[in-house]
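Chain naming here is simple, since letters A, B, ... match the order of the sequence lines and numbering starts at 1 in each.
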Amino acid sequence: MPVRSAHVAADAEALRDDGIEFMSHLSSLGARCAIPTTTNPRSVDFERAAEVGQRPIWTERERGIVDAFDRMGARRCDSCINYQTVDNPVYGEHLAWGDTGTVIYANSVAGARSNFEAGPAAVAASITGRVPRYGFHLPEHRRATVRVEVKDRPSQRSDWGALGCLIGRRVNDYWKVPALVGDGLRPSADDLKQLGAAMASYGSVGMFHLVGVTPEARTEAEAFGGIEPVERFVVNPGDIAGVYGGFQADVEKPDLVVFSAPQLSLAELAELASLFDGNTVSPVTRVYVTTSAMVKAEAERLGYARSIEKSGARLLTGVCFYLMAPHELAETFGYRTLVTDSAKLANIIAGYGFDPVFRPTSVCVEAAVTGRIPW
Amino acid sequence: MNTRSRDPDLVLTGQPGYGPRAEGRALVSQHGFSARYDLNRERGVFSRKEHDLFGESVVGVILIAPVSKGGIATSWMLREMASRGVAPLGIILHSTNPVIVQGAILAGVPIMQGLLPPAHQVVRTGDWVRMDPQQGTVGLWR
């Protein structure tokens, strides 16, 4: 079936030399994007890779990938928040997006229709303008199957990530669609972004409904489409706090404090700028913040970037932290304990041998400034 | 073990999968699987400390798990690992997402899903398994 746009996750950390050859070969054969095609973050911020301490090979590899996508005519935004910036999904349209966070947002919040199209499959969709008709393109797969009664109350953005973690762990199946039901759940776009990214990361969930908020769930009856849930569970008061409590470091010192995964929106950078403003990052820790080129430009114009950088934190563009060959950074610099307000990053980074500590944004900033994880 | 000399101890059946027949020693997890979330891909070894296969190698085994996890990257990674000879011989999951299926096909690694009885519940690490994706069957010898 035809799709309007493709979003391709193809970073050097995933592709390595074999995948880079594959992409170069395709583009040299004359493969071209037949539909608007955006790209997910890279492994390096080309201007700051040396400062971060990444080996030059990663910049070389990324140049090979970037060249291939430029030849193909992709809109190379190098961003996992395309839906907040360069390609806003529209209700009912069909897409071929990769990066699970982009897909769950498009499906759930916008009501657009996409499966998790892995890198090579999204490339194929970009070239052909088509995908197989299956999964979330079909109405019957979009109905809720799991009823989640949310009795706990998320009160800050990272709480939504924690909620996504709880639901993802429990549902843990691409083919199940949870519907969240609860009084007074009024998330912002960034809250929904954290909720979805965490659910997709912890449970490979591709779509959710939030009754009264998301477009295919104006009512609970609409979300379930007249079919009984196959599973029900409750998120009780205290469960969100329990998610933070599940991440405990055996040392107090944060080697790294990272705000990333997904890249930060302008609103998230504004909040971070006000928290860091007038503070200085402790000499015992390093702080990385990632965003897209488009958001960075606005953050510079509005002074947010300056407040963040002045503290000693580093604002990186076109990357996401877990793509930055973090296992090599850990080896080079002895990084182990990583504090983050991203539930998604806390999940993924453990695979690279880090000890993650997931905390609310303000606590992460406190850890960065004092050089001590407060709790 | 010479599996041709006798019938399998158990045959699991389900829908057809993808890829050629494969056989080898089983490595069984009760957790999920993602190449990016769980593996040191240089060596093909589980690097996630809380994973039940932490320290185990996927090289030259049939990897069995209940479910595929997380992100998009496994699609590129299986092919890259296969190019260096450190991919599993085959993958059997109870429930898959599109990422691991697309990745396994691109890598030429046979993949099957949804067998009964569920493979991760009846196969033990060290069992010899033969997967036949075209037929939708898996033979098990122990």
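- Proximity to chain B is limited to the side chain of A:Met23, based on heavy atoms less than 4.5 angstrom apart.
- More than 12 heavy-atom neighbours from other residues, nucleotides or ligands sit within 6.0 angstrom of CD on B:Glu42.
- Taking non-hydrogen atoms and a 4.5 Å limit, the residue list of residues 101-122 of chain B in contact with chain A, ordered by number, reads B:Gln102, B:Leu106.
- Among the candidates B:Ile100, B:Leu39, B:Val99, the residue making the largest number of heavy-atom pairs closer than 4.5 Å to chain A is B:Val99.
- When all heavy atoms are compared, the tightest approach of A:Gly351 to B:Arg48 is N-NH1, 3.5 Å.
- If you check the side chains of B:Ser68 and A:Tyr174, you find no donor sitting under 3.5 Å from an acceptor.
- More than 12 heavy-atom neighbours from other residues, nucleotides or ligands sit within 6.0 angstrom of CZ on A:Phe233.
- Looking only at heavy-atom pairs under 4.5 Å with chain B, the residue among A:Pro120, A:Gly206, A:Gly135 that has the most is A:Pro120.
- Contact annotation for A:Ala10: both backbone and side-chain heavy atoms come within less than 4.5 Å of a heavy atom of chain B.
- Side-chain contact annotation: A:Tyr352 with B:Arg36, donor-acceptor N/O pair under 3.5 Å present.
- Heavy-atom distances place the backbone of A:Ala200, and not its side chain, under 4.5 Å from chain B.
- When side chains are defined from C-beta on, B:Lys49 counts as touching A:Asp355, because their heavy atoms get closer than 4.5 Å.
- By the salt bridge (Lys or Arg N to Asp or Glu O under 4.0 Å) test, A:Glu328 pairs with A:Arg55, sequence neighbours left out.
- Contacts of B:Arg84 with chain A are absent, with no heavy-atom separation under 4.5 Å from either backbone or side chain.
- Residues of residues 71-81 of chain B lying under 4.5 angstrom from chain A, judged on non-hydrogen atoms, are B:Gly71, B:Ile72, B:Ala73, B:Ser75, B:Trp76, B:Met77, B:Arg79, B:Glu80 in numerical order.
- Annotation: salt bridge (Lys or Arg N to Asp or Glu O under 4.0 Å) contacts of A:Asp255 (sequence neighbours excluded): A:Lys253.
- When every heavy atom of B:Thr96 is checked against every heavy atom of A:Trp175, the shortest pair comes out as O-NE1, 3.0 Å.
- For A:Tyr134, the part lying under 4.5 angstrom from a heavy atom of chain B is the side chain only.
- At a 4.5 Å heavy-atom cutoff, the contact between A:Glu13 and chain B is made by backbone and side-chain atoms alike.
- Both the backbone and the side chain of B:Ser47 come within contact range of chain A, each with at least one heavy atom under 4.5 Å from a heavy atom of that chain.
- Contact annotation for A:Asn347: both backbone and side-chain heavy atoms come within less than 4.5 Å of a heavy atom of chain B.
- The line from CZ of B:Phe33 to OG of A:Ser204 is 12.5 Å long, rounded to the nearest 0.5 Å.
- Between chain B and the residues A:Tyr322, A:Phe354, A:Phe22, the largest count of heavy-atom pairs under 4.5 Å involves A:Phe22.
- For the set A:Gly353, A:Gly119, A:Ala124, the entry with the most heavy-atom pairs within less than 4.5 Å of chain B is A:Gly119.
- Between the OG atom in B:Ser95 and the CG atom in A:Asn172 there is a gap of 8.5 Å [rounded to 0.5 Å].
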